[in-house]
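Only heavy atoms go into these numbers, but all of them, side chains included; no hydrogens, no water, no symmetry mates.
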Amino acid sequence: MFDQIWSFIVWFFEFLSILLKTIPRDLTGLYKLIKHHVLMKYNVFRKRDFIHIFRANVKRYNSKECFMLDEESLSFQQVEDLTNQLANFFTAEGFTRGDVIALILENSLEYPCVWIGLSKIGCIAALINTNLRAKPLLHSIQTVNAKCIITSKQILSEIESELKELDIKKVYLFDSKPTLKIKSNSISSSFETVQLYEQFESCSIQPPKSLPYDLKHPVFYIFTSGTTGLPKAAVIKHSRFLLGSFGFLCATGVTSDDIMYNTLPLYHSLGGWVCITYSLLGGCTTVLRKKFSASNFWKDCVKYKCTGFTYVGELCRFLLAQAPSEYDQKHSIRFCSGNGLRQNLWMPFVNRFNINQIYEFYGATESNAYFFNLDSHPGSCGFFSVILPRILGSVLVRFDPETMEPLRDEKTNLCVRCKTGERGLLLGMIKKSLLNAFDGYVNNPSGTNRKIIDNIYKIGDQAFNTGDVMLADKYGYFYFCDRTGDTFRWKGENVSTVEIENMLMNILKINDIVVFGVSIPETDGKAGMAVILDESASSINMNTLVNELKKQGLPSYARPCFIRLTKHIELTGTFKVKKTVLQEDGYDLNRVTEPIYYLNQQKQIYERLTPEIYDLILKEKIKF
């Protein structure tokens with residue numbers, strides 16, 4: 001009896017100490033959640049989508065710079081006028097509500113104007129990764145049934161052979177004004193090419209006819225890599241667009257006085273959706289850059305007087321890898337927001353660059369599970385309240401490391417929730433509310449269904465399977481651990497193992513190939529590694545394999561960094577590859593006696609991994 005009372009007293013005081021420590025954080029989270037809820041309710045009640053909100057900001061900020069890139073800029077009014085011209089032009093071209101247009105364009109001032117303008121007439125932009133070539137590119141265009149393409153002269157010259165396989169008669173070019181030197185009809189004889197800026201000279205800047213208010217209509221499609229092996233188009237409806245945009249505005253506290261620095265690709269959800277809406281809905285100025293440059297990052301922040309920026313984990317590591325300079329703390333940055341900043345880099349980043357507010361978050365383009373680290377707790381990507389854990393709408397459950405499926409209670413057949421400090425699979429509970437909806441993928445019901453898990457808390461409920469492994473500490477802080485299944489993250493991109501496996505199978509004419517991610521010391525994400533069944537040990541030409549992968553259109557970030565040749569691949573009783581055993585072995589020469597090759601980045605060929613080279617990798621002397 002005494003032991004029970006004593007245990008209760010210990011538990012009570014420990015819980016009380018946790019409560020006292022987390023109450024300020026939880027109250028901050030509650031305030032931001034209520035603010036977000038009020039903003040959503042107010043705009044839905046007023047029947048305002050992002051276009052209505054942006055036009056209100058145009059009236060408020062008019063001549064203020066909305067987007068900047070190099071020495072060029074567009075004011076709020078200029079963005080409104082340009083997007084009206086684009087909307088009126090495509091209306092005259094015969095495009096109507098629901099038509100899909102593929103957008104394959106480099107980072108530019110014009111990029112966000114395309115999907116803003118198309119949204120004004122109900123057309124849907126498909127934001128396609130500019131690195132895609134060959135089959136992945138064709139698949140992306142075909143899966144959304146795109147009626148035409150908007151691109152640039154440079155990209156068109158690189159993808160012309162792929163477009164010849166599509167039934168596309170006209171390609172629209174949206175090059176920046178300074179580049180308009182070559183006549184449109186001199187670029188390609190395969191298509192009719194139309195230079196948009198030339199056409200806009202005769203287009204009205206008056207707003208097009210208003211559309212019926214419909215939060216269920218898509219704004220755009222953003223592609224994400226998944227278990228199908230090829231890019232999947234996630235649907236971003238007006239409801240989800242507002243939900244995410246207001247979520248970031250409320251969490252980070254961005255105001256119209258801020259100047260945000262955005263070096264991320266504009267076909268990504270973070271760079272092309274979230275960062276752009278800081279201006280559209282928040283009224284701030286966003287500085288764009290064509291490509292990320294670690295050496296010029298802080299110089300730009302000082303030059304443009306930026307107050308915040310958005311990152312992925314690799315970005316922060318690249319900045320830390322630069323030699324110290326006078327610009328490290330000369331800037332006006334007060335906060336940054338993003339995902340993937342590792343715990344061991346957190347404090348070095350804070351101390352070196354004097355940035356104390358870091359809003360690390362967790363989320364995915366199509367996911368309904370998302371949360372923020374609101375108090376800059378090192379290494380955490382978010383939290384849940386220890387008092388009201390279910391208010392978050394997400395749950396960690398135990399899973400089978402072989403099948404990557406949730407484990408079930410034998411009696412109830414429900415998912416088994418994780419204990420404190422236990423690694424678990426993150427699920428986002430699917431509900432009818434906008435906050436917890438899962439909109440699925442375009443023309444891919446099987447891909448959508450594979451992401452849905454049944455019977456979590458009770459029979460009949462459903463959740464979105466994020467495919468991510470996390471753990472939560474006793475204070476409710478979440479920490480990202482790893483990705484499960486058929487995707488891993490490398491150089492800021494989601495990489496599909498199935499896509500690489502299929503490509504290697506086609507090239508090598510070998511069916512037994514396994515691809516997964518492996519860790520490299522002091523490097524974010526996972527590098528790709530392929531294990532290939534090669535019984536003859538001489539049928540693969542390692543000198544030409546990289547070029548073959550390039551010809552197949554596999555982006556550089558998706559090419560395996562390591563290749564292991566093996567004479568046996570072990571299977572489970574249900575004929576599934578025991579991938580976890582191979583992952584544990586990785587490229588460790590102390591565990592693997594079979595030949596392993598590494599990708600020599602300078603020579604762009606696969607060379608034999610020797611003990612000397614292996615030691616250099618561990619000592620960070622060889623970079624990938």
Side-chain angles (χ1 to χ4, degrees), residues 313-314 317-318 320-321 342 344-345 482-483 488-493 495-497 499-552 554-571 577-624:
E314 290 84 348
R317 182 171 61 84
F318 294 151
L320 277 170
R342 290 185 297 152
N344 65 326
L345 297 181
D482 208 348
R483 288 184 178 272
F488 59 88
R489 195 164 182 81
W490 180 242
K491 295 189 180 300
E493 302 280 354
V495 183
S496 167
T497 59
E499 179 185 357
I500 303 171
E501 287 168 359
N502 291 339
M503 205 164 285
L504 286 171
M505 288 176 188
N506 290 334
I507 294 171
L508 302 175
K509 308 303 179 186
I510 297 174
N511 291 328
D512 296 295
I513 297 176
V514 184
V515 175
F516 47 84
V518 292
S519 297
I520 295 178
E522 296 305 311
T523 304
D524 293 297
K526 296 289 184 71
M529 181 169 182
V531 177
I532 302 173
L533 183 64
D534 185 37
E535 296 176 349
S536 64
S538 61
S539 62
I540 301 174
N541 188 339
M542 289 296 177
N543 294 322
T544 62
L545 185 54
V546 175
N547 286 332
E548 291 295 328
L549 291 170
K550 288 180 181 178
K551 289 179 183 178
Q552 293 292 321
L554 191 68
S556 58
Y557 59 78
R559 295 167 200 156
C561 293
F562 300 96
I563 293 179
R564 170 182 169 183
L565 303 183
T566 184
K567 293 185 178 181
H568 175 68
I569 294 180
E570 190 175 2
L571 303 177
V577 175
K578 290 189 175 181
K579 188 178 287 190
T580 53
V581 176
L582 297 173
Q583 284 178 305
E584 289 171 359
D585 289 342
Y587 54 94
D588 188 347
L589 294 183
N590 297 313
R591 301 180 56 150
V592 181
T593 57
E594 295 174 323
I596 297 177
Y597 296 79
Y598 80 103
L599 179 56
N600 186 315
Q601 296 291 340
Q602 293 182 330
K603 297 180 182 179
Q604 283 296 293
I605 60 173
Y606 287 102
E607 295 184 336
R608 185 69 180 262
L609 182 66
T610 63
E612 293 77 15
I613 296 294
Y614 178 72
D615 287 339
L616 289 175
I617 294 173
L618 296 183
K619 294 176 181 177
E620 303 172 47
K621 300 295 184 182
I622 293 180
K623 302 292 184 182
F624 290 88

Show the numbers, then the answer: is there a side chain to side chain contact (heavy atoms under 4.5 Å, CB included) between Glu522 and Arg342?
CA-CA 10 Å; Glu522 296 305 311; Arg342 290 185 297 152; 4.0 Å; yes

Go through the steps for Ile540 and Ile510 under the test side chain to side chain contact (heavy atoms under 4.5 Å, CB included), then give the verdict.
CA-CA 10 Å; Ile540 301 174; Ile510 297 174; 4.2 Å; yes

Side chain to side chain contact (heavy atoms under 4.5 Å, CB included), that's the test. Do Leu582 and Glu570 meet it? Break it down for me.
CA-CA 9 Å; Leu582 297 173; Glu570 190 175 2; over 6 Å; no

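For Lys579 (side chain) and Val515 (main-chain N/O), a donor-acceptor pair under 3.5 Å exists by modelled atom type. With hydrogens and angles ignored, the 3.5 Å screen pairs no side-chain donor or acceptor of Tyr614 with any backbone N or O of Asn590.
Distance check: Ile513 CD1 to Thr566 OG1 gives 12.5 Å after rounding to the nearest 0.5 Å. Taken from CE in Met542 to CG in Asn600, the straight-line distance is 14.0 Å, to the nearest 0.5 Å. Taking CE from Met503 and CG from Leu554, the interatomic distance works out to 5.0 Å, rounded to the nearest 0.5 Å. For the atom pair CD of Glu548 and NZ of Lys550, the computed distance is 11.5 Å after rounding to the nearest 0.5 Å. To the nearest 0.5 Å, atom OH of residue Tyr597 and atom OG1 of residue Thr610 are 12.0 Å apart. Distance check: Glu620 CD to Thr523 OG1 gives 7.0 Å after rounding to the nearest 0.5 Å.
At least one side-chain heavy atom of Leu504 sits under 4.5 Å from a side-chain heavy atom of Leu549. Side-chain contact between Leu545 and Ile563 is present, with heavy atoms from C-beta onward closer than 4.5 Å. Side-chain contact between Lys526 and Ser519 is present, with at least one heavy-atom pair separated by less than 4.5 Å. A 4.5 Å side-chain heavy-atom check between Ile617 and Leu609 finds at least one atom pair inside the cut-off. Side-chain contact between Phe516 and Val531 is present, with heavy atoms from C-beta onward closer than 4.5 Å.
Applying the salt bridge (charged side-chain N to carboxylate O under 4.0 Å, His left out) test to every pair with at least one member in residues 605-614, sequence neighbours left out, gives these pairs: Lys603-Glu607.
Scanning both residues, Ala527 and Ile520, for their nearest heavy atoms gives CB-CD1, 3.5 Å. Tyr606 and Arg559 get closest at one heavy-atom pair: OH-C, 4.3 Å. Here the closest non-hydrogen pair linking Val592 and Gly586 is CG2-O, 4.1 Å. In this structure, Pro521 and Tyr587 approach most closely via the heavy-atom pair CD-OH, 3.6 Å. When every heavy atom of Phe488 is checked against every heavy atom of Gly517, the shortest pair comes out as CD2-N, 3.8 Å. The minimum heavy-atom distance linking Leu533 with Lys567 is given by the pair CD1-C, 3.2 Å.
Using a 4.0 Å cut-off between charged nitrogen and carboxylate oxygen, Arg564 and Glu594 count as a salt-bridge pair.
With sequence neighbours excluded, the residues satisfying side-chain contact (heavy atoms from CB on, under 4.5 Å) with Leu616 are Ile613, Lys621, Ile622.
Ring geometry for Phe624 against Phe562 counts as tilted: the plane angle lies between 30° and 60°, on a 0 to 90° scale.
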